[in-house]
Each structure stands twice: as structure tokens, then as C-alpha cells.
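The block underneath contains the structure these notes are about, expressed in C-alpha cells.
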2 protein chains.
Amino acid sequence: MSKLDFSPIADTTRRAEIVALLRRAILTGQLEPGQKLNELRISEQMRVSRAPLREAMRELVQEGILTSIPYAGTFVVDVAAKDIVDAYSLNKVLDDFAIELAWPQRDQRFFDELDRRHEAVKQATRALDTTRQIETALQLHGLVYEWADNSVLLETWQRLTSRLQMYFALHQRARNEPVPAEDLHETYVALLKGTDMRAAQRHAREHIDNDFEALLAYARSLEKRA
Amino acid sequence: MSKLDFSPIADTTRRAEIVALLRRAILTGQLEPGQKLNELRISEQMRVSRAPLREAMRELVQEGILTSIPYAGTFVVDVAAKDIVDAYSLNKVLDDFAIELAWPQRDQRFFDELDRRHEAVKQATRALDTTRQIETALQLHGLVYEWADNSVLLETWQRLTSRLQMYFALHQRARNEPVPAEDLHETYVALLKGTDMRAAQRHAREHIDNDFEALLAYARSLEKRA
DNA sequence: TCTTGTTGGATTGTCGACAACCTGCTTGTC
DNA sequence: GACAAGCAGGTTGTCGACAATCCAACAAGA
């Protein structure tokens with residue numbers, strides 16, 4: 001028996017890489033909502049045939065960040081104000097549930113990971129790298145989901161995350177002065193380490209409200225314009 | 001302005017039909033969990049090339065009812081006991097939320113539709129058509145999600161539904177004497193028509209417990225076997 | 001006997017070409 | 001000038017064939 005346990009090697013199929021590339025392009029806002037994806041053009045740019053590209057796009061359609069109309073094309077999903085509010089309110093419910101499930105599972109590894117991810121957020125914040133800040137903040141929040149030990153919940157969260165990340169990126173671009181607030185996560189982290197689950201849940205809800213406040217204002221401004 | 005509002009015509013692409021065919025085959029248990037899907041064989045049976053078949057499979061992978069291993073194959077997702085418990089517990093949380101959102105939205109159309117779907121369940125029950133009974137029961141429960149007016153929540157529910165339906169079908173086949181209980185939904189429907197939201201939520205939770213009781217027993221028996 | 005290398009068959013991943021389809025423009029008619 | 005029919009270009013959907021990979025069976029050596 002070996003002491004080392006190897007993790008599965010990266011499955012290197014063109015399709016998987018295309019998915020990663022496209023997802024990143026969408027979530028960082030390089031591809032704008034509503035924009036059409038021309039298969040031939042993209043496949044040429046990526047030096048890849050249309051088959052794996054199309055399969056990748058099918059995956060992203062199911063992931064909810066692309067939308068496809070037969071014989072018309074595939075587009076980056078259009079984000080309405082209501083979608084943001086919807087995702088946001090569901091997120092609160094799921095967070096509550098995730099904290100409840102994760103609570104008894106917390107261990108040293110959890111706390112270590114919590115600190116690690118918190119540190120990553122602070123670093124991205126200092127570097128004024130807003131894209132990375134969004135990413136790391138969502139990863140920080142994702143920890144309780146990973147510890148909740150509920151695969152369906154985790155999967156749901158990950159789907160939601162894609163959208164949230166997209167909304168945030170959109171918002172950041174809209175008012176292109178980012179100004180990330182220094183440290184909104186200190187209390188969140190502290191409470192997750194504490195003994196009062198209810199308090200943690202309550203704070204999470206308020207914290208989310210806080211995080212999303214600007215986003216909601218943006219959402220409402222969209223609403224008015226429409 | 002026309003008084004008629006036409007629904008979009010059926011998008012007739014092979015891919016879409018393949019998705020529907022495969023999904024049905026999986027959810028009704030014609031394709032068993034863990035079973036491998038041979039692309040060439042299936043494409044020949046369907047008289048279709050592998051391209052649209054593969055794209056369809058990618059969709060179902062993202063939908064969570066297939067799983068794909070590069071260069072090895074695509075398989076019907078293996079359902080572990082824990083998955084059932086996970087889906088089931090998340091379902092309770094979502095139901096709570098859905099009822100809360102749908103509550104103020106209830107109108108005559110809601111009540112009519114509620115009755116209609118309830119009737120469909122009863123009919124399937126009388127006909128001893130267990131597959132259809134599962135389908136209609138899930139549609140009955142889906143009504144509050146449709147009325148909740150939260151697209152993300154609805155989408156999440158639909159994803160969950162696929163799995164639940166699969167689990168139920170699996171369970172029914174395992175103990176192939178179905179014996180669907182006559183009418184567990186009477187109280188549920190009545191409460192949704194009433195004025196006490198809390199009571200409706202509480203009952204929904206218990207009702208789900210009831211519905212899933214046998215399934216949970218089955219899940220635990222799987223757990224022991226493993 | 002166990003391990004390691006090889007080989008053949010089967011299956012998945014990818015490619016380039018063709019068919020179906022939509023869209024916008026042109027043409028012809030009134 | 002308005003409008004319908006039809007043509008042309010471009011894009012998506014589908015096909016059949018080829019390349020890359022995996023797996024099981026078998027052979028060879030320690």
C-alpha cells in the first residue's frame with residue numbers, strides 16, 4: 001500500500017477546455033449578455049472544429065449562462081433585474097440551510113480553509129483585482145456548502161454561483177469604479193468559528209443583503225429603465 | 001391586437017427529440033442506473049448520427065441524470081442512498097420557500113389548476129399507472145413553484161424533480177408491487193386553498209415525509225447493502 | 001505464478017463537408 | 001411607391017469518416 005493517494009489526472013478533452021474558456025469569458029464579462037456566439041468564428045479562433053465547441057455550448061446552456069434558439073443561434077443569457085432578485089433571495093434560503101448542515105461538521109480543516117479563503121479575498125481586495133475579488137468571495141461563501149455534505153445542495157449552489165458571478169461582473173463593469181469595500185467578511189468568518197449558529201445564520205442573511213445592496217440598486221435601476 | 005396568443009411552435013431539431021426520448025427512458029427506469037450508453041448502437045437505433053446524440057447526452061449530463069467519463073463512456077447516473085436523502089432534505093427547504101412566495105400570488109387560476117392536477121393524480125392512481133402517478137404527483141407539487149414567480153427557484157425544482165422521479169421509478173421497480181396509496185394529497189390541496197400559510201408549510205413537510213417514507217426505507221436498505 | 005509489455009478490437013473524441021434553415025435584399029408586378 | 005416572390009449569403013444542424021484512447025486478452029520474462 002502506498003502512502004500517497006493520487007487524485008485523478010486532469011481529463012484533457014478539447015470539449016472540457018472549451019467549456020472552461022467560454023465560462024470564464026462569460027463570467028468575467030468579456031462576452032456580454034445577449035451577445036451571439038458565432039460557431040464558425042469561435043471554432044476558428046480556438047483552432048478547433050465545431051463539434052466539440054457545440055457540445056461545450058450545450059453544456060453551458062444547461063448551466064444556465066447561455067441560451068439557445070434552434071437555427072437562430074446561441075447567446076449569452078440576458079440578465080433581467082428580476083433574475084438578480086430571484087437568485088439573491090434563493091441564495092439566502094440556501095445559505096441558511098447550508099450553515100445548518102455544515103455547523104456540526106466544522107472541524108480544524110474547516111477553520112483552516114475558512115482562513116485561507118478569507119485571506120485570498122483580502123489579497124484580491126488589496127490588489128484591486130475586482131474580478132478575482134468576486135471569485136474569491138464566492139469561494140469563501142461556498143465553503144459552508146462544501147462542508148454541508150449534501151451533493152444536491154452543493155450542485156445547486158454552484159449553478160447559482162455562476163449567475164451571481166456574472167451579475168457581479170456586469171455590475172462592476174456598469175459602474176466601472178469598483179472600490180471594493182475593505183473587509184465585510186471579518187464578522188462572517190468570526191461567527192462561523194463561534195458557537196451560536198442562529199447568529200451566524202442571521203448575520204449571513206444580513207451580510208448577503210449588504211453584499212448585494214449595490215447590486216440590488218443596480219437591478220432596480222435596470223427595472224426602471226425597462 | 002389579436003385575442004389569441006400563440007404558443008411557440010415545437011422546435012423540431014433532432015437533438016431536442018433525442019433529449020426527450022432519452023430523458024423519458026431514464027426517468028421511467030427503462031435505462032437502469034449505472035448502465036452505459038453506447039453511442040453507436042443508440043444512434044443506429046434512432047436512425048440518427050452521433051453528433052446530435054452526443055449533444056443531447058451533454059445536456060442530460062448537465063441535467064444531472066447522466067454522467068460522463070472521457071474516453072470511457074456516458075452512464076446513467078448511479079443513485080446512492082445518500083443522494084436520495086440529500087435531494088429529499090433540500091426538497092423540504094425549497095417547498096417551504098416556494099409556498100411562502102406563491103402564497104400571496106394564489107388566484108382563481110391557481111385553484112383551478114390545483115384541482116386539475118389533483119384530479120390527474122387521482123386518475124392515474126385509479127388506473128394503477130404508477131409511472132404516470134409519479135409524474136402527476138410531481139406536477140401537482142410543482143404548481144407552487146410555478147406560482148412562486150422565481151425563475152431560479154423553478155429551475156432548481158425542475159432539476160430536483162428529474163432526480164426524484166428517477167428515484168421513485170427505481171423504488172417502484174425494486175418492490176414491483178406498487179400499491180399506490182389512494183389519496184394522500186387531499187389535505188395538501190385543501191390547505192393550499194386555505195388561509196393558514198404556516199399550516200400549509202408544516203403539512204407540506206410532513207406530507208413529503210410521508211411520500212418519501214417508503215423511499216427512505218429503501219434508501220436505508222441500500223445503505224446497509226453497501 | 002506474478003508481473004510487464006504488446007496487440008487487436010471496440011468505443012469515444014474530433015474533423016471537414018453537406019443539408020436545412022433563416023434573413024435581408026433584390027426583383028418584378030400592381 | 002407598396003408589396004409579394006424569390007434569390008443569395010451566411011449560419012446552424014446533421015452526417016459519415018478518421019484519429020485518439022481505452023480495455024481485455026494474450027505472450028514473454030523473471
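Computed from a predicted model, the values in this text were never measured in an experiment. Order of the sequence lines sets the chain letters (A, B, ...), proteins ahead of strands, with each chain counted from 1.
Going from atom CG of A:Leu40 over to atom P of C:dC15 covers 13 Å, rounded to whole Å. Here the C1' atom of nucleotide C:dG16 and the CD atom of A:Glu44 are 12 Å apart, to the nearest Å. Distance CG (A:Leu53) to P (C:dG13): 16 Å, rounded to an integer number of Å. Between A:Arg41 atom CZ and D:dG9 atom P there is a gap of 21 Å when expressed in whole angstrom units. B:Arg47 has its CZ atom 24 Å from the P atom of D:dG13, to the nearest Å. Per the geometry, CE belonging to A:Met46 stands 15 Å off C1' belonging to C:dT14, to the nearest Å. Across the protein-nucleic acid pair, B:Ile69 atom CD1 and D:dC23 atom P stand 9 Å apart, rounded to whole Å.
Environment of CD in A:Glu119: crowded, with over 12 heavy atoms of neighbouring residues, nucleotides or ligands closer than 6.0 Å.
When heavy atoms are screened at a 4.0 angstrom cut-off, B:Leu37 is found touching the sugar-phosphate backbone but no base atom. Residue contacts shown for B:Arg15 are limited to sugar-phosphate atoms, with no base heavy atom under 4.0 Å away. B:Arg54 comes within contact range of at least one nucleobase, with a heavy-atom separation under 4.0 Å.
Between C:dT14 and A:Thr13, a contact under 4.0 Å exists linking OP1 or OP2 to a side-chain N or O. Phosphate contact (OP1/OP2 of C:dC15, side-chain N/O of A:Arg14, threshold under 4.0 Å): present.
In this structure, the nucleotide among D:dT14, C:dG13, D:dT11 sitting nearest to the side chain of A:Lys36 is D:dT11. Which of C:dT11, D:dC15, D:dT12 sits closest to the side chain of B:Ser49 comes down to D:dC15. The nucleotide whose nearest atom lies closest to any side-chain atom of A:Tyr71 is, among C:dC15, D:dG13, D:dT21, D:dG13.
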Query raised in the report: Hey, mind stepping through B:Glu135 and B:Arg132 against salt bridge (charged side-chain N to carboxylate O under 4.0 Å, His left out) and telling me if it holds?
Result: CA-CA 5 Å; B:Glu135 254 180 42; B:Arg132 178 119 194 83; 3.1 Å; yes

Report task. Determine, stepwise, if the pair B:Glu113 / B:Arg109 fulfils salt bridge (charged side-chain N to carboxylate O under 4.0 Å, His left out). Result -> CA-CA 6 Å; B:Glu113 189 64 17; B:Arg109 258 183 61 238; over 6 Å; no

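Of all heavy-atom pairs spanning A:Glu63 and A:Arg159, the tightest one is CA-NH1, 3.6 Å.
Taking only distance into account, the side chain of A:Arg50 meets the base of D:dG13 through a donor-acceptor pair shorter than 3.5 Å.
Along DNA chain C, the nucleotide nearest to B:Ala51 and the one nearest to B:Asn38 differ in position, and the one closer to the 5' end is contacted by B:Asn38. Comparing B:Ala72 and A:Glu39 by the nucleotide of DNA chain D that holds the closest heavy atom to each, the one mapping nearer the 5' end is A:Glu39.
Using bins of under 30°, 30° to 60° and over 60° for the plane-to-plane angle, the ring pair B:Tyr145/B:Trp157 lands in the parallel bin.
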